[in-house]
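We name chains A, B, ... by the order of the sequence lines, and we start the count at 1 in each one. Note that the structure is a prediction, hence the values are computed from the model and not measured.
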Protein chains: 2
Amino acid sequence: MAGRTDTKHEILNVAEQLWLHKGYNGFSYQHIAKAIGIKSAAVHYHYPAKQDLGVALVERMRRRFARWTERTEALDGFWPKFDAYIAIHQLYLDDGEGGRVCPSGILDAEFHTISEDMRHAARELTREMHRWLTDLFRAGRDAGEVSFRGDPDGIAAVAGATVQGALQIARAVGRGSFHLTIDHLKLQLRQRECADA
Amino acid sequence: MAGRTDTKHEILNVAEQLWLHKGYNGFSYQHIAKAIGIKSAAVHYHYPAKQDLGVALVERMRRRFARWTERTEALDGFWPKFDAYIAIHQLYLDDGEGGRVCPSGILDAEFHTISEDMRHAARELTREMHRWLTDLFRAGRDAGEVSFRGDPDGIAAVAGATVQGALQIARAVGRGSFHLTIDHLKLQLRQRECADA
DNA sequence: AACCTTACTTACTAGTTAGTAAGTGGGCAA
DNA sequence: TTGCCCACTTACTAACTAGTAAGTAAGGTT
């Protein structure tokens, strides 16, 4: 029966679905195997231990984000780039029944049940996203496209946390809440000539 | 051996610790039993099924939040109340090694693995917190203590999501990130007479 | 003194978990 | 054609999961 070429890739895809849907402790090798139509030992063949799979999952997310940042360099200005950042999260929201959650959200929630390897990758992913947002806000302010108080570093932390939190809360109370949150976040960041109140 | 009076209460306390630390799928009745020094069947005596325990956990959170809102009515003005809201989350952050996460965060992340009873309670908790924040922002704006664009409803969603997200992210990258985020959130909300840029 | 309830323990089930060891069949290289 | 490696399967283990049933000891009630 040897030789489906893409089993390893397929395992990663199914595992990612299950992971973002149910959490790391919410799925097993049997779930993956059944979904693909192989035996769970075959999953162990490609990823001997579950933490190997976990690390592979997070590392793929990092590579994906890195490629995404390269592609978005083509976009011009703060707002198109910021909207693109929102859009990748919206994809999670719209997926499947009930929606998935962003990888960082799941990783942080279950942080104490994952291996040190996974934690390290999770930390790096979080830092990379934060760095990207920080650079975006700095450039946006320099170009006069966005308005905020304090450091780019700090407002990037606010924006990142808001998007992550909004995505999770939307799971409980519905996706309308995500849009309400994002709209109001953007509203606060809009350039203001002279103030309200 | 009959008759420790507070076993049920003790189970709830230990379960809450484990829950916020490891997630709902990250602990078992055996973990609870071992921590207290009883047998896992004794846990089943008080909470027949795990979802009964789960619902009890969330309902207690709701009662706790309701009592908290009553107590904070005594505080005068937007900022003391808002700071009190931050403070309850800070408590989670400072707890134990690595910190816990707020209940909403865990519930949302594992939303698809919990029973409908738990989901209902989770939804209600989320709505209650959002309602409280909405009222706070409305009153704060009417009193001229806080400045934001859009609806109180929307800015409440932003603040709630930011705090929840920041708490989780702090798990991965350290608690300094929480303070940075909260400081900058507050900075945006501060009253402004005339604008920047 | 008899009995009932409460709060457990002991002992168990059936199913699932991650993980391993040994075997199997197809395809490719020498 | 022989032999080897890859990608699996079959068959298994040990530990753990939620959950149940039956027994037991203490304390209160009648």
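Between B:Gln51 atom CD and D:dT17 atom C1' the separation is 15 Å, expressed in whole Å. Across the protein-nucleic acid pair, A:Tyr47 atom OH and C:dT20 atom P stand 17 Å apart, rounded to whole Å. Rounding to whole angstrom units, CG of residue B:Asp52 and C1' of D:dA18 are separated by 12 Å. In this structure, A:Lys22 places its NZ atom 16 Å from C1' of C:dT17, rounding to the nearest Å. Summarising the geometry, the separation between CG on B:Asp6 and C1' on C:dA7 is reported as 12 Å, rounded to the nearest angstrom. Between A:Leu53 atom CG and C:dG19 atom P there is a gap of 10 Å when expressed in whole angstrom units.
Among the nucleotides D:dA7, C:dT9, C:dA21, the one closest to any side-chain atom of B:Lys39 is C:dT9. With D:dG19, C:dA7, D:dT9 as the choices, the nucleotide that has an atom nearest any side-chain atom of A:Ala42 turns out to be D:dT9. In the set C:dT9, C:dG19, D:dA18, C:dG19 carries the atom at the smallest distance from any side-chain atom of A:His44.
Remark: B:Tyr45 is in phosphate contact with C:dA7, judged by side-chain N or O atoms under 4.0 Å from OP1 or OP2. For C:dT17, the OP1/OP2 oxygens have no side-chain nitrogen or oxygen of A:Ser40 closer than 4.0 Å.
Within 4.0 Å (heavy atoms only), B:Lys50 reaches sugar-phosphate atoms of the nucleic acid but no base atom.
For residues 157-184 of chain A, the set of pairs meeting the salt bridge (charged side-chain N to carboxylate O under 4.0 Å, His left out) definition, not counting sequence neighbours, comprises A:Asp94-A:Arg175. Applying the side-chain hydrogen bond (donor to acceptor under 3.5 Å, both in side chains) test to every pair with at least one member in residues 83-92 of chain B, sequence neighbours left out, gives these pairs: B:Asp83-B:Lys186, B:Gln90-B:His179.
Taking the ring-ring contact (aromatic ring centres under 6.0 Å, His included) definition, one finds that B:His44 meets it with B:Tyr29, sequence neighbours left out. Applying the side-chain hydrogen bond (donor to acceptor under 3.5 Å, both in side chains) criterion to A:Gln30, with sequence neighbours excluded, gives no partner residue.
Cation-pi contact between A:Lys39 and A:Tyr45: absent, since separation from the ring centre below 6.0 Å together with deviation from the ring axis within 45° is not met.
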Report, one line per pair, each donor and acceptor closer than 3.5 Å where one atom sits in a side chain of residues 70-82 of chain A; sequence neighbours left out.
residue, atom, partner, partner atom, Å
A:Thr72, OG1, A:Trp68, O, 2.9
A:Thr72, OG1, A:Thr69, O, 3.0
A:Trp79, NE1, A:Glu145, O, 3.0

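Using a 4.0 Å cutoff on non-hydrogen atoms, the parts of residues 25-35 of chain B near DNA chain D are B:Phe27, B:Ser28, B:Tyr29, B:Gln30, B:His31, ordered by number.
A donor-acceptor contact shorter than 3.5 Å is absent between the side chain of B:His120 and the backbone of B:Glu116.
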